Amino acid sequence: MSNVRVRFAPSPTGLLHIGGLRTALYNYLFAKHHGGTFVLRIEDTDQKRYVEEAEKDIITSLNWAGMPFDEGPGKGGDFGPYRQSERSEYYQKYSAQLIQQDQAYYAFDTTEEIEDMRSRLQKSGNPSPKYDAITRMSMKNSLTLPAEEVKKRLESGEKFVVRLKVPRRETIRFEDDIRGFVSFESQGLDDQVLLKSDGLPTYHLANVVDDHLMGITHVIRGEEWLSSAPKHILLYEYLGWEPPRMAHLPLIMSPKGGKLSKRNADALGIPVNVRDYVKQHYEPEALINFLAFLGWSPGDDREVFTMEELIKEFSLDRIGKGGAIFNHSKLIWYNEHFMRKIPEEKLLPKVREQVEEAGYTGYSDEYLKEFIRLMKERASLVTDFVTYGQYFFEEPKVYDEKTVKKAWKPATPTLVDKFRNDIAELDEESFNAVILKQKLSDIVEDEGIGFGKLMQPVRLAVTGMGFGPDLFETLQLLGKKRVVSRLDKAVQVL
RNA sequence: GCCGCGUUCGUCUAGUGGCCUAGGACGCCGCCCUUUCACGGCGGUAGCACGGGUUCAAAUCCCGUACGCGGUACCA
């Protein structure tokens, strides 16, 4: 396929949503797979829902996820401007053309008048009243009003909308690259508003005009658009343009049912905005893999990919048709997987940020890198490092009750004290994991007891917990001074 | 309600008429490794929504039913 051009066209009504990121990802992968262009277009035609920071958030999120766009706001390109609010002239032009061709018309009805019509029809037994080929003949529009009056109303500055003149009986059929042939009867469509009374276009007009003008070859978007696709097909036909290929993606569902929305995700503790994932230090690769596999698969048993591999393997015909439930534990698995592969060096800035946020300052890079090495295998997220490794920065305030009960026996204090005295004699150099282990083994052997009889109490005394990284490496990192004083304290307190 | 789209282990999925006694992954459970916890290794658990066809043969094709989801705005 040559010259593939796709677009991600979010509406700046809030922070970028995880579902939006997946749509962007599939577009990105498709474009790159074909050596094509990935365009970002901002669909800001709804002034009421416009959110100032949204556009910036979308761009930041896309870059964080590793899918920069080739053309778009702030970046430029040959098909700009890339914000719909700056493209009014085009929408005006083409809606005028449609009116001239008698495929669209002016309508002057107020909201109340339309509601009246709907409720009247509903009462007389019509279950789904529409502004359509039949009802439009009894409404106030340029099809029913005398030409003279239409002209007068327009000139006097009266508010109007432009509506698409949907044919009465026509089957609209198109091929979706994911679903195959899909068909709709035009009777089921209403005379869609194309131009709103504020002069701005609705999604339907803007999207068709821009996709054509921007040379978009493939429209890859969420399934929520499938039912309006026939309107778009009609528009392409009337405007004399060849429609792009279309692919409607299955939706991401909430574990509780319904499409994953901010509301139901919040209730389940699932982060829904990309910004949340950034803040919680998820690895972008983890999110990308997770999202890629939510509805797509390479067809074999592989399950961890780099972006390059995803690009190489991606194809629309391997996308499933059914909605996919968001599975947080799988995401966590991906995150653990990637995090463990990242060198300590690279994790350092993130971890330092976490550590310092928790109020522990002044630690050297060396200390933190060793901390990371010890914690990495045990954490799901970078934020877990401090949560489960607090004792690397602060002496334990409490001792885990269960572990105390299990490990701290009457004979324990004497043993711990013995270990304390043995290691207190060690110099800096000798205070290392190997020698520490040897010291502990010696005592255990002398006393003829199990290794754990002493190891667990020492761990408890030093960390306050019953589990954690290798004890001796932990002791080495903490250093003699802290270890000895913690052992002393524990013997007193427990 | 109407229109449209879906439906393989709890979840993500492989499967395009015989290779399916339905494969992989996450989760869960067990074992091994480890004198902690985890990592890792090995194993187990569990599924073709239902009913009719078509065919020598159906998870795969057709038709119904059920269920789910989306749309039904001067929102996208």
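Side-chain atoms are counted along with the backbone in the values below, which use heavy atoms only and exclude waters and symmetry mates. Just so we're clear, the structure is a prediction, and the values are computed from it rather than from any experiment. Naming convention: chains lettered A, B, ... in sequence-line order (proteins, then strands); numbering from 1 in each chain.
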For C28(B), give the paired nucleotide (Watson-Crick: N1-N3 plus N6-O4 or O6-N4; G-U: N1-O2 and O6-N3; both under 3.5 Å), or none.
G44(B)
How far, in whole Å, is U72(B) from G64(B) if one measures between their P atoms?
27 Å
Suppose we define a pair by two distances each less than 3.5 Å, Watson-Crick or G-U wobble; what does C75(B) pair with here?
none
Pairing partner (Watson-Crick or G-U wobble, both distances under 3.5 angstrom) of C33(B):
none
Any base atoms under 4.0 Å from Gly258(A), or only sugar-phosphate, or nothing? Heavy atoms, all strands.
sugar-phosphate
What's Arg179(A) touching, base or sugar-phosphate or nothing? Going by heavy atoms closer than 4.0 Å.
sugar-phosphate
Lys/Arg-Asp/Glu bridge criterion (N-O < 4.0 Å) met for Glu447(A), Lys418(A)
yes
Between Phe290(A) and Phe160(A), name the one whose nearest nucleotide on RNA chain B is closer to the 5' end.
Phe290(A)
Using a heavy-atom cut-off of 4.0 Å across all strands, would you classify Pro250(A) as base, sugar-phosphate, or nothing?
nothing
List in chain and number order the residues that pass salt bridge (Lys or Arg N to Asp or Glu O under 4.0 Å) with Glu86(A), two or more places apart in sequence or in another chain; answer none if no residue qualifies.
Arg83(A)
Identify whether any heavy atom of Gly320(A) sits under 4.0 Å from a base atom; if not, whether one sits that close to sugar-phosphate; answer base, sugar-phosphate or nothing.
nothing
A59(B): pairing nucleotide in any strand, Watson-Crick or G-U under 3.5 angstrom:
none
Which whole number of Å gives the distance between the P atom of C12(B) and that of G27(B)?
15 Å
Just call it for Asn207(A): base, sugar-phosphate, or nothing, with non-hydrogen atoms closer than 4.0 Å on any strand.
nothing
Does Ser197(A) reach a base, just sugar-phosphate, or nothing at all? Heavy atoms under 4.0 Å.
base
Just call it for Ser11(A): base, sugar-phosphate, or nothing, with non-hydrogen atoms closer than 4.0 Å on any strand.
sugar-phosphate
Which part of the nucleic acid does Arg302(A) contact within heavy-atom distance under 4.0 Å: base, sugar-phosphate only, or nothing?
nothing
How are the rings of Tyr203(A) and His232(A) set relative to one another: parallel (under 30°), tilted (30 to 60°) or perpendicular (over 60°)?
tilted
Sugar-phosphate only, base, or nothing, as touched by Asn289(A) at under 4.0 Å among non-hydrogen atoms
nothing
Which value, in whole Å, describes the distance between the C1' atoms of nucleotides U21(B) and C61(B)?
24 Å
Have a look at Ser183(A) and say if it touches a base, only the backbone sugar-phosphate, or nothing, with a 4.0 Å heavy-atom cut-off.
sugar-phosphate
Between Asp384(A) and Thr387(A), do the side chains contain an N or O donor and an N or O acceptor separated by less than 3.5 Å?
no
Glu237(A): partners by side chain to side chain contact (heavy atoms under 4.5 Å, CB included), with sequence neighbours left out:
Glu170(A), Leu234(A)
Categorize Thr403(A) for me: base, sugar-phosphate, or nothing, with a 4.0 angstrom heavy-atom threshold over every strand shown.
nothing
Does U65(B) have a Watson-Crick or wobble mate here (both distances under 3.5 Å), and if so which one?
A49(B)
Start and end of the RNA chain B segment that chain A contacts, any atom under 4.0 Å from a heavy atom
G1(B) to A76(B)
Pair Glu345(A) + Lys369(A): basic N to acidic O under 4.0 Å
yes
Expressed as a whole number of Å, how far does the C1' atom of C33(B) sit from that of A14(B)?
32 Å
Partners meeting side chain to side chain contact (heavy atoms under 4.5 Å, CB included) with Ser261(A) (sequence neighbours left out):
Arg263(A), Asn264(A)
Have a look at C39(B) and give me syn or anti from its glycosidic angle (syn if within 90° of zero).
syn
Test of understanding: with salt bridge (Lys or Arg N to Asp or Glu O under 4.0 Å), list the residues that count as partners of Glu344(A), not counting sequence neighbours.
Lys376(A)
Pairing partner of A14(B) (Watson-Crick or G-U wobble, both distances under 3.5 Å)
none
Which of residues 440-456 of chain A have a heavy atom under 4.0 Å from RNA chain B?
Phe451(A), Met455(A), Gln456(A)
Contacts of type side chain to side chain contact (heavy atoms under 4.5 Å, CB included), residue Pro129(A), not counting sequence neighbours:
Arg118(A), Leu121(A), Gln122(A), Asn126(A)
Residues forming a salt bridge (Lys or Arg N to Asp or Glu O under 4.0 Å) with Arg49(A), sequence neighbours excluded:
Asp46(A)
Sugar-phosphate, base or nothing in reach of Arg221(A), heavy atoms under 4.0 Å:
nothing
With sugar-phosphate meaning primed atoms plus P, OP1 and OP2, does Met253(A) contact a base, only sugar-phosphate, or nothing at under 4.0 Å between heavy atoms?
sugar-phosphate
Nearest-angstrom distance, C1' atom, A49(B) to G68(B):
11 Å
Given that both distances must come in under 3.5 Å, which nucleotide forms a Watson-Crick or G-U wobble pair with C19(B)?
none
Under 4.0 angstrom, heavy atoms only, what part of the nucleic acid is Val193(A) near: base, sugar-phosphate, or nothing?
sugar-phosphate
Within residues 334-345 of chain A, find the residues that approach RNA chain B with a heavy atom at under 4.0 Å, and present them sorted by residue number.
Arg340(A)
Between G4(B) and G43(B), how many Å separate the two C1' atoms, rounded to a whole number?
46 Å
For Ala433(A), all residues meeting side chain to side chain contact (heavy atoms under 4.5 Å, CB included), sequence neighbours excluded:
Phe472(A), Glu473(A), Gln476(A)
Determine the Euclidean distance between corresponding C1' atoms of A46(B) and G52(B); express it in Å to zero decimal places.
28 Å
Just grab all the salt bridge (Lys or Arg N to Asp or Glu O under 4.0 Å) pairs involving residues 312-328 of chain A, residues at least two apart or on different chains.
Arg302(A)-Glu313(A)
Mind checking salt bridge (Lys or Arg N to Asp or Glu O under 4.0 Å) for Glu175(A) and listing every partner two or more places apart, or none if nothing turns up?
Arg245(A)
Using distance alone, with no hydrogens and no angle criterion, decide if Gln438(A) and Asp442(A) have a side-chain donor and acceptor under 3.5 Å apart.
yes
Span that lies between the C1' atom of C48(B) and that of A58(B), in whole angstrom:
11 Å
